[in-house]
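Below you'll find the structure, written out as structure tokens, and then a few comments.
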Amino acid sequence: MKITIVCVGKIKENFYRDAVSEYSKRLGRYCRLEIVETADEKTPEGASALLEEQIKEKEAKRILDKIRDDDFVCILEITGKRFSSEGFAQWMEQLTVKGISEIVFVIGGSLGLHGSVRQRANMAVSFSDMTFPHQLMRVILCEQIYRAFRIIHGAPYHK
């Protein structure tokens, strides 16, 4: 299976970068992982709703440019479907059974995702009602993908 994570912005902190690197290395035995970073737009303090929408639209164009027409796209969004770790693993395994061999996960920028990305998505997943920094969300997503593969393969994992 190939998994691509398309995310807005670069990771600035070394500890986040190290964690993503570690999970990427661990995932190498289960899948081909590619992380694609797109440029983020700077949001001025006190930006209007219109300006924020324009920023999300610019970021969306960059995201959508990285997605092929036949990709299965799963966006990370607070209103998405919730899974337990076991449920997430089962969902990923079912995609494979259905013949889907590539999944593209999308992590938006600090303002969230534009409607055009939501429309393109095949699925939306939520990890919590809480808001996380998008850099940390990349670590959480990598960890949950790794955990899912461990569950799928019957390997021990921390509960």
Side-chain angles (χ1 to χ4, degrees), residues 1-40 56 59-60 62-114 116-159:
M1 172 172 274
K2 179 176 182 203
I3 295 179
T4 303
I5 300 173
V6 177
C7 35
V8 175
K10 295 190 178 298
I11 292 184
K12 296 170 183 75
E13 290 84 0
N14 285 335
F15 55 91
Y16 288 142
R17 212 177 355 256
D18 291 345
V20 169
S21 177
E22 178 62 28
Y23 284 113
S24 296
K25 184 172 68 176
R26 292 181 187 188
L27 279 165
R29 66 190 299 189
Y30 300 110
C31 68
R32 288 179 300 140
L33 176 69
E34 180 182 9
I35 297 176
V36 178
E37 296 176 334
T38 65
D40 59 342
K56 288 193 294 188
E59 291 176 346
R62 292 184 193 118
I63 291 168
L64 293 171
D65 282 346
K66 304 297 181 188
I67 297 171
R68 298 183 325 223
D69 289 343
D70 60 341
D71 284 336
F72 184 92
V73 178
C74 179
I75 59 173
L76 273 56
E77 183 148 274
I78 205 163
T79 61
K81 180 172 176 50
R82 291 249 184 99
F83 290 103
S84 64
S85 293
E86 294 83 1
F88 185 68
Q90 185 178 33
W91 171 74
M92 285 183 57
E93 190 171 32
Q94 285 302 309
L95 289 178
T96 304
V97 169
K98 293 177 183 176
I100 295 169
S101 60
E102 297 187 29
I103 304 172
V104 177
F105 288 95
V106 177
I107 302 173
S110 59
L111 296 176
L113 293 168
H114 186 262
S116 60
V117 179
R118 283 191 204 96
Q119 286 180 325
R120 171 58 186 87
N122 299 91
M123 177 80 175
V125 171
S126 173
F127 283 87
S128 174
D129 282 339
M130 294 181 197
T131 302
F132 296 105
H134 55 277
Q135 295 178 25
L136 176 59
M137 197 61 235
R138 198 179 314 182
V139 176
I140 294 169
L141 175 61
C142 287
E143 189 279 333
Q144 285 298 303
I145 293 169
Y146 173 70
R147 184 178 297 261
F149 278 113
R150 299 286 290 177
I151 293 168
I152 290 166
H153 287 87
Y157 69 98
H158 186 270
K159 292 185 180 185

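Every value quoted in this text rests on a predicted model; they were computed, and no experiment measured them.
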Determine the minimum heavy-atom distance between [X] and [Y], stating which atoms define it.
X	Y	value
S126	R82	OG-NE, 3.6 Å
I75	A121	CG2-CB, 3.7 Å
H114	A60	CB-CB, 3.5 Å
E13	I11	O-CG2, 3.4 Å

Between [X] and [Y], is any pair of side-chain heavy atoms under 4.5 Å apart?
X	Y	value
R120	V117	no
L33	Y23	no
T38	E59	no
R150	Y30	yes
I140	M137	yes
I63	L113	yes
I5	C142	yes

Determine all donor-acceptor pairs shorter than 3.5 Å in which one atom belongs to a side chain in residues 90-99; sequence neighbours excluded.
unit_1, atom_1, unit_2, atom_2, d
T96, OG1, M92, O, 3.3

Side-chain donor-acceptor contacts of residues 67-74 below 3.5 Å, not counting sequence neighbours, with atom names and distances?
unit_1, atom_1, unit_2, atom_2, d
R68, NE, D70, OD1, 3.2
R68, NH2, D71, OD1, 3.1
R68, NH2, E102, OE1, 3.1
D71, OD2, R68, N, 2.8

ask   = Taking NZ, NE, NH1 and NH2 as the nitrogens, is one of them in R138 or E37 under 4.0 Å from a carboxylate oxygen of the other?
value =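 Looking at E37 together with R138, the answer is yes, because their closest N to O distance falls below 4.0 Å.
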
ask   = Sub-3.5 Å donor-acceptor pair from the side chain of H153 to the main-chain atoms of A155, do we have one?
value =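 Pair absent, no side-chain N/O of H153 close to backbone of A155.
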
task = Using the side-chain contact (heavy atoms from CB on, under 4.5 Å) rule, take K2 and S101 through it: C-alpha gap first, then chi angles, then the decisive distance, then the call.
result = CA-CA 6 Å; K2 179 176 182 203; S101 60; over 6 Å; no

Rounded to the nearest 0.5 Å, what separates atom [atom1] in [X] from atom [atom2] in [Y]?
X	Y	atom1	atom2	result
K66	T4	NZ	OG1	11.5 Å
E86	I151	CD	CD1	4.5 Å
I3	S24	CD1	OG	10.5 Å
M1	I152	CE	CD1	7.5 Å

request  = For side-chain contact (heavy atoms from CB on, under 4.5 Å), just list the numbers for I35 and C7, CA-CA rounded to whole Å, side-chain angles, deciding distance to a tenth of an Å, and then say yes or no.
outcome  = CA-CA 8 Å; I35 297 176; C7 35; 3.9 Å; yes

ask   = Does the pair L76 and F132 meet the rule for a side-chain contact (heavy atoms from CB on, under 4.5 Å), with working shown?
value = CA-CA 11 Å; L76 273 56; F132 296 105; over 6 Å; no

query = Taking the six-membered ring of F83 as reference, does the NZ or CZ atom of K81 fall below 6.0 Å from its centre and within a 45° cone about the axis?
reply =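 Yes, K81 sits over the ring of F83.
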
task = Under the side-chain contact (heavy atoms from CB on, under 4.5 Å) rule, what do F127 and L141 come out as? Steps first, then yes or no, please.
result = CA-CA 9 Å; F127 283 87; L141 175 61; 3.9 Å; yes

